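A quick write-up on the structure given underneath.
Since the model is a prediction, treat every value here as computed from it, not as a measurement. Side chains included, hydrogens not; waters and symmetry mates left out as well; all remaining heavy atoms used.
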Amino acid sequence: MAAADPQVRIEILEAALRTASRELHWANLTIQKKDVEIQLLQERLRQQRIGFLGPSSETLSDLQLELLTEEEPGATREEVEAESRREPIVTAPPRQRKPHPGRKPLPESLPRVEEVIACEANCTHCGGETRVIGYDTSEVLDREPAKWFVRVSKREKRSCGKCSAIQMPPLSPRIVEKGLASDRVIIETVVAKYCDHLPLYRQEAMLEREAGVELSRATLDGWVMRVGELLDPVAGAMRQELLLASYLQADETIVPVQMHDGRGSDHQAYLWQYGAPGGETVFDFQLGRGRDGPAKFLQGWNGILQTDGYQAYDRVGGPGLIHVGCWAHARRKFVDAVKVNPQDGAAIAMVARMDALFLVDRHAREQQLNAEERVALRREHAQSWVDEIHFECKKLRAQLLPKSALGEAVNYTLNMWAKLRRCFDHAEVELSNNVAENSMRPVALGRKNWLHVGSAKSGPKVAAILSVVESCRRLQVPVKDYLLAVLPGMSGRKHSAVAQLTPARWKASHGCNDGRAK
């Protein structure tokens, strides 16, 4: 028994050693896991700081260009600079920066009010009589303060001397019948809110300060909702025209809504926007962000739909719908990775490759190529960049943490790859849906000013106003002239007449150019 004691002690020590080894192994794994978590948390913290305090620019710096040259020794300095600045890798001429034009002359369309400043009649040197030999002319932009007045309409009342019947002419149709404000004042209120993002409480204060008129905010809100009610059929006609297009871009954004249900907080509703590049756009109000909204709007539509990676746009429309992605969204995620780690050569190189894709389209715009010529140029010069992006993303995915900034950019690009690749298969498709995103900016600015929509019932009316206002901006239609022309008497118009009053049809019939009606 005594002889066995050393052997037993050895086995016990070996077992303890194995246990300690396993514990050390798990401790190392735990440390590695914590290191990964710390790295991810540091990236997220940096992303938040960049979001609040960092620059919004998506261009590469000179130091990043130097790093890219070191990371890719096969690339020359000129090629790297060309990629990052979108200078021509293909045969595109370099973008010429226009010299500063100096002070621009004031528009000739503005009326001139001349003021002659008299000179001394006698010479200040010798006292002799002087004569006018010319004028030194200068021009400054000036304005007259807004003039508030009360328009009094007096209708004649006539009595028939034979039958004693009394008659008088009818009033012209107005936006708000028997209201205190003219059509022009109501339209100015709507335009100030949805074009200039001026909330009604500020307009209420301005009206009292400048005109001495006290009108409640509820009265102004009633004007706005009446305009939205009248424009709802116009928005419906715009939707019908829009769904005749073969290519649409879509995007969505939040809009807070007061629900008046006692919760004391706003409900997060959504405005979905559908538009044709270079044409009209329609906003659709929905209380949620589910697939029901786009599925209802695009029901039976068979065309090309371009969106970001939000999954609610999947499986909508008709069986022939083709879903394409947005390269600007993919590029933006790699730019975010560069912001988190400014010395990440892989992320910098990916941004430069994607810049080369947009360079091809820039060349097509500069050469004023048609759609077919542009898609041929893409296939000739962009195909190699597309293949390289796909190859590098697959290689990077095996090396990166999925939740890191660069890992998320790579995963997004590969998950969207089939849709991104389709951009090069159709001549009319843009590489990005930035046109749709730009149309969302007024809503984002409005949220910071008028804060929320007053009720769920007001949502469709607000969407109708935004549809008309943004379509007028896109088509360079003077929105005030348009609203003054179509709103009075709208409630009495037939559906067939309303269909002829969309911004696009109104522009065609009135010959608008550069935001002015002929």
Side-chain angles (χ1 to χ4, degrees), residues 29 31-75 79-86 89 307-311 325-359 382 384-421 423 431-434 437:
L29 290 179
I31 292 173
Q32 292 176 4
K33 181 180 178 181
K34 295 300 181 183
D35 288 341
V36 170
E37 291 177 353
I38 291 172
Q39 180 182 348
L40 293 177
L41 290 174
Q42 287 176 338
E43 282 197 358
R44 291 175 183 174
L45 178 60
R46 183 170 174 79
Q47 285 177 327
Q48 289 184 350
R49 288 176 174 173
I50 291 172
F52 283 110
L53 305 173
S56 60
S57 174
E58 296 183 1
T59 58
L60 300 183
S61 67
D62 291 338
L63 292 177
Q64 289 162 350
L65 296 179
E66 294 287 353
L67 179 63
L68 183 56
T69 307
E70 296 173 2
E71 291 288 333
E72 294 192 7
E79 290 173 341
V80 172
E81 291 182 349
E83 291 175 21
S84 61
R85 296 198 310 265
R86 302 186 187 181
I89 297 172
T307 70
D308 56 18
Y310 183 41
Q311 295 180 354
C326 171
W327 280 94
H329 280 81
R331 180 184 181 276
R332 191 172 302 147
K333 292 186 178 297
F334 285 101
V335 170
D336 291 340
V338 174
K339 290 180 179 179
V340 171
N341 187 358
Q343 296 185 345
D344 191 337
I348 296 170
M350 196 62 69
V351 173
R353 293 185 187 100
M354 292 184 178
D355 282 348
L357 302 181
F358 287 95
L359 168 66
S384 60
W385 292 105
V386 173
D387 294 340
E388 184 174 338
I389 290 170
H390 193 210
F391 175 79
E392 292 296 331
C393 282
K394 289 193 296 184
K395 185 173 69 173
L396 286 171
R397 182 158 63 175
Q399 305 170 359
L400 298 169
L401 296 172
K403 294 298 183 180
S404 65
L406 183 55
E408 289 182 345
V410 168
N411 287 330
Y412 176 88
T413 303
L414 291 178
N415 292 338
M416 289 286 295
W417 187 255
K419 297 172 184 176
L420 291 172
R421 184 64 186 80
C423 292
L431 289 184
S432 73
N433 66 338
N434 283 345
E437 282 198 346

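- A heavy-atom distance below 4.5 Å is found between the side chains of Asp344 and Leu406.
- At a threshold of 4.5 Å between non-hydrogen side-chain atoms, the residues His329 and Glu437 count as touching.
- Rounding to the nearest 0.5 angstrom, the gap separating the CG atom in Leu414 from the CG atom in Leu420 is 9.5 Å.
- Note that the NZ atom of Lys394 and the CD1 atom of Ile389 stand 13.5 Å from one another [nearest 0.5 Å].
- Within the model, atoms OG of Ser432 and CZ of Arg332 stand 8.5 Å from one another, a figure rounded to the nearest 0.5 Å.
- Only one option out of Asp355, Leu357, Thr413 pairs with Arg331 in a side chain to side chain contact (heavy atoms under 4.5 Å, CB included); it is Asp355.
- Applying the side chain to side chain contact (heavy atoms under 4.5 Å, CB included) rule to Ala409 yields the partners Lys333, Phe334; only residues at least two apart in sequence or on another chain are considered.
- Checked for salt-bridge contact, Arg397 and Glu392 miss the test: no charged N lies under 4.0 Å from a carboxylate O.
- Contact detail for Cys423 and Gly325: the closest heavy-atom pair is SG-O, 3.3 Å.
- For Gln399, the CD atom sits in a packed shell: over 12 heavy atoms of surrounding residues, nucleotides or ligands are nearer than 6.0 Å.
- Atom CE of Met416 is separated from atom SG of Cys326 by 8.0 Å, given to the nearest 0.5 angstrom.
- For the atom pair CD1 (Ile348) and CZ (Arg353), the distance works out to 11.5 Å, reported to the nearest 0.5 Å.
- Aromatic ring pairs are classed by plane angle as parallel below 30°, tilted from 30° to 60° and perpendicular above 60°; the pair His390 and Trp417 is parallel.
- The nearest pair of heavy atoms linking Ala328 to Asn434 is CB-OD1, 3.6 Å.
- Listed for the Tyr412 side chain is a donor-acceptor partner under 3.5 Å among the backbone atoms of Gly309.
- Note that OG of Ser404 and CG of Leu396 are 10.0 Å apart. Values are rounded to the nearest 0.5 Å.
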